[in-house]
Visitor: 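I have a structure I would like to understand better, so I am pasting it below and will then ask my questions one at a time.
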Amino acid sequence: MSSSSTLSKVLKIFKLCREFWGKAIVLAITLVLTSFLSAYPIKYIEKIINIATSSAQDKVKAFFLAGCVYLLLHVLNIIFRALFEYLNVYLETQIGHKIRIELFSKLQKIPYRVYVENNTSDLMVRLIEDSKITVSGMLKPLTFIIRDILIFIFGFYYMSRIDLQITLIMVPIGIVLSLQAIKTGPKINKLAEDERQANSLLWGKFSEGIKGIKEIKSYCQEKRFSEEVSKKSINMNKKILSLQKFVIITSNINSAFFMGIIAFIMIFGGYKVSIGTLSIGGLTAIMMYNGLLIDPMINFFSFYQQMQQVFVSSDKIFSILEEKEENSGEIHYKYTFENKLEIKELTFKYNDKIALKNISLNIFKGEKVAFVGYSGSGKSTLCKLLIRFYEPDKGQIIIDGYDIKNISLNNLRKIFGIVFQDTFLFTGTLRENILFSNPQATEEELNEALRIAGVDSFLEKLPFGLDTPVGENGFNLSGGERQRVSIARTILRNPDIIILDESTSSLDPITTSKVIKRIVKKYENRTIIFTAHKLTTISKLCDKIYVFKDGEIVEEGIHDELINRDTLYRKIYNAQFLKSS
Ligand SMILES: Nc1ncnc2c1ncn2[C@@H]1O[C@H](COP(=O)(O)OP(=O)(O)OP(=O)(O)O)[C@@H](O)[C@H]1O
């Protein structure tokens, strides 16, 4: 990694923390004070030894005075050091909070596509692990290293005043160390990247093991799955060991080098005392300064190594923070659907695979429309494009003359209410889950939504009715019950266009028919788009049916027209009709 990119990474992290500069300045002041107070008192040790070895009168008074000043300086040092350490922890927690929240709110604004394309466990690792490593791995060493550098400067200055010749021996150490750091940096960066990748794969397996427990147990795959987790865990250990082995070897080679230098200074200093060019107090102080100077140098090297690991994590964080947000399309504000939804020559690909090909259709206000077709023919994809979970590769979706890419996203997603096949329940009560779409809804609106969606019919079975906890660790609702909760949620939002994407697939035919009839009655003057396999329930209610095959519309018309010709629709309908009868 070049030093300029290192600098830009450090600057980026600092920019993220800019609001804490006031506290950072106080931290810096305590830093300067503790650094100075670590180096300066050594002068008094030199003084005491020199008094002791001199022929001066009234030595006791001089010892007492020097000892008191030495103690006072140390007490001050302890106070500033405690303040410095507390401020450090305080900033660490505050910056950690800021990064986690920024990261999470950014995750809420990035396109749905990013979630589909990324491994969700990797996103979790970024939220929890990478933010922790970036803050604790960066702030603490960085502040401590600044303190160490200051200690080094003060120590170097006072030591040079005792004996410049011996002090200059420290210079080559600095040069060797810098070269060493520059040489080993990229290798450590690579090893840290491998370790993080292995960590993310292990998290992914853990998460699959928990989310997929139904499948694992029902197929008796517990042993095999545990073995796979174990392999990932062993692999992570290998990567940790490779990194740590490299770090331990390089830092210990450095320590050996430093010890050699100290030994040399001892010999050279002893020689100078014997020929009378250095006092005993001076030699003792130099030995103490040596200890003081060596630590910062070793710390600097390990700090540089640690920073390589921090950069791997901070890169992952910035790759999210710099991710393009959903185009919020603020050009036109349009609050309601008045007349016509046009889909014009729309083509969409998932990566390189075509999912929708040249789709054109018009849906008018109040119409009930069905998208019909075999599984995988593109119906759900079209629904997701309508609410801009994805952007089309070609063509346009136009509402009352406005391209939806120019309608504010909030507004667009208020026009549409979509009920997906699978329903996610949040931790909380059933009431909170239904009110999720519209927390301000009145009790009357809530009751109506419960009635239309058929939630009321299973409420009395629940131990606390609407106040029964559901979601994670809550009461387990059946698939059909969950779908009805989702329908109630969407009704409560009161959308202009309601999309029911296979939203009754888990309901029995009688309940499906009742729920659909109530929805159609409630939204008599509004637009409903069904995507459904259960044609017998919806086909006769629809003003238009579009039949999809391999991403294209191959037939369109009303039920009576399509059923009387040799159509794909008739094939699907008859197969279902025979099955249900
Ligand atoms: N996130 C995705 N990444 C890549 N391909 C996808 C993705 N989602 C869907 N597809 C593919 O796009 C095609 C259309 O899928 P889509 O879900 O729209 O079909 P569908 O008609 O709604 O099917 P179903 O009735 O089973 O829900 C399928 O071939 C599917 O495999």
Side-chain angles (χ1 to χ4, degrees), residues 107 110-123 204 208 211-212 323-324 326 341 343 345-361 363 369-395 397 404 416-424 479-480 482-483 486-487 490 497-507 509 512 516 528-539 542 544-556 562 567-569 571-577 579-580:
L107 277 172
I110 58 180
Y112 173 73
R113 173 187 53 76
V114 179
Y115 286 87
V116 179
E117 287 170 3
N118 273 283
N119 177 337
T120 46
S121 331
D122 191 65
L123 293 177
E208 279 177 13
K211 285 190 204 147
E323 179 78 44
K324 223 171 137 207
E326 279 183 303
L341 168 67
I343 300 179
E345 295 167 7
L346 188 100
T347 294
F348 175 74
K349 287 185 223 150
Y350 286 110
N351 302 318
D352 281 337
K353 186 173 158 257
I354 290 219
L356 292 170
K357 218 182 299 168
N358 213 22
I359 303 286
S360 291
L361 58 93
I363 300 174
V369 173
F371 298 159
V372 170
Y374 290 130
S375 185
S377 55
K379 307 174 301 284
S380 298
T381 303
L382 183 56
C383 298
K384 286 179 185 143
L385 279 150
L386 289 175
I387 54 169
R388 282 192 44 214
F389 271 15
Y390 298 105
E391 305 288 339
D393 290 298
K394 256 202 255 160
I397 301 174
I404 61 165
F416 288 98
I418 184 161
V419 185
F420 296 104
Q421 278 177 55
D422 43 345
T423 306
F424 184 80
R482 292 167 89 95
Q483 283 190 332
S486 180
I487 293 171
T490 305
I497 303 174
I498 185 161
I499 302 175
L500 299 168
D501 185 6
E502 301 282 356
S503 49
T504 54
S505 55
S506 303
L507 297 183
T512 301
I516 297 287
I528 305 180
I529 300 172
F530 298 97
T531 83
H533 296 305
K534 288 182 186 159
L535 297 181
T536 41
T537 327
I538 52 135
S539 53
C542 288
K544 193 94 176 243
I545 295 167
Y546 293 95
V547 184
F548 285 67
K549 188 176 177 224
D550 300 331
E552 285 181 276
I553 294 178
V554 288
E555 293 156 8
E556 59 182 88
L562 293 169
T567 55
L568 173 61
Y569 175 80
K571 233 166 136 183
I572 300 174
Y573 184 90
N574 284 342
Q576 281 184 16
F577 187 70
K579 205 171 137 203
S580 59

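No hydrogens, no waters, no symmetry mates; every other heavy atom, side chains included, goes into these values. Start at 1 and go down the list; that is how both ligands and their atoms are numbered.
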Visitor: Ring centres under 6.0 Å, that's the criterion: do Y374 and F548 meet it?
Guide: no

Visitor: Give the atom numbers and elements of ligand 1 that come within less than 4.0 Å of a heavy atom of G376.
Guide: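 Selected atoms, number and element: 13 (C), 14 (C), 19 (O), 20 (P), 21 (O), 23 (O), 24 (P), 26 (O), 28 (C), 29 (O).
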
Visitor: List every atom of ligand 1 that sits less than 4.0 Å from any heavy atom of T381, numbering the atoms from 1 in the order shown and giving each element.
Guide: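 Here the atoms of ligand 1 in question are 14 (C), 15 (O), 16 (P), 18 (O).
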
Visitor: Do F420 and S486 touch side chain to side chain, with heavy atoms closer than 4.5 Å?
Guide: no

Visitor: Using a strict cut-off of 4.0 Å, indicate which atoms of ligand 1 neighbour a heavy atom of V116.
Guide: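 Near V116, meaning under 4.0 Å from one of its heavy atoms, ligand 1 has 1 (N).
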
Visitor: So is K384 touching ligand 1 or not, going by heavy atoms under 4.0 Å?
Guide: no

Visitor: For a 4.5 angstrom cut-off between non-hydrogen side-chain atoms, does V369 reach I545?
Guide: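 When only atoms from C-beta onward are counted, I545 and V369 do not touch, as no gap falls below 4.5 Å.
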
Visitor: Which pair of heavy atoms, one from L386 and one from I404, lies closest together, and at what distance?
Guide: O-CD1, 3.5 Å

Visitor: For F371 and F530, I'd like to know if the aromatic rings sit close, meaning centre-to-centre distance below 6.0 Å.
Guide: no

Visitor: Is ligand 1 less than 4.0 angstrom away from at least one heavy atom of S377?
Guide: yes

Visitor: Give the minimum heavy-atom separation between K379 and G373, together with the two atoms involved.
Guide: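 Where K379 meets G373 most closely, the heavy atoms are NZ-O, 3.1 Å.
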
Visitor: A quick test of your reading: do over 12 heavy atoms of other residues, nucleotides or ligands sit less than 6.0 Å from CD of E345?
Guide: no

Visitor: Suppose I only count heavy atoms of S380 and a 4.0 Å limit; which atoms of ligand 1 are within that range?
Guide: 17 (O), 18 (O), 20 (P), 22 (O), 27 (O)

Visitor: Considering K353, K379, E502, Q421 one by one, which has a heavy atom nearer to atom 30 (C) of ligand 1 than any of the others?
Guide: K353

Visitor: Looking only at distances, can you tell me whether any N or O atom of G378, backbone or side chain, sits closer than 3.5 Å to an N or O atom of ligand 1?
Guide: yes

Visitor: Looking only at distances, can you tell me whether any N or O atom of A355, backbone or side chain, sits closer than 3.5 Å to an N or O atom of ligand 1?
Guide: no

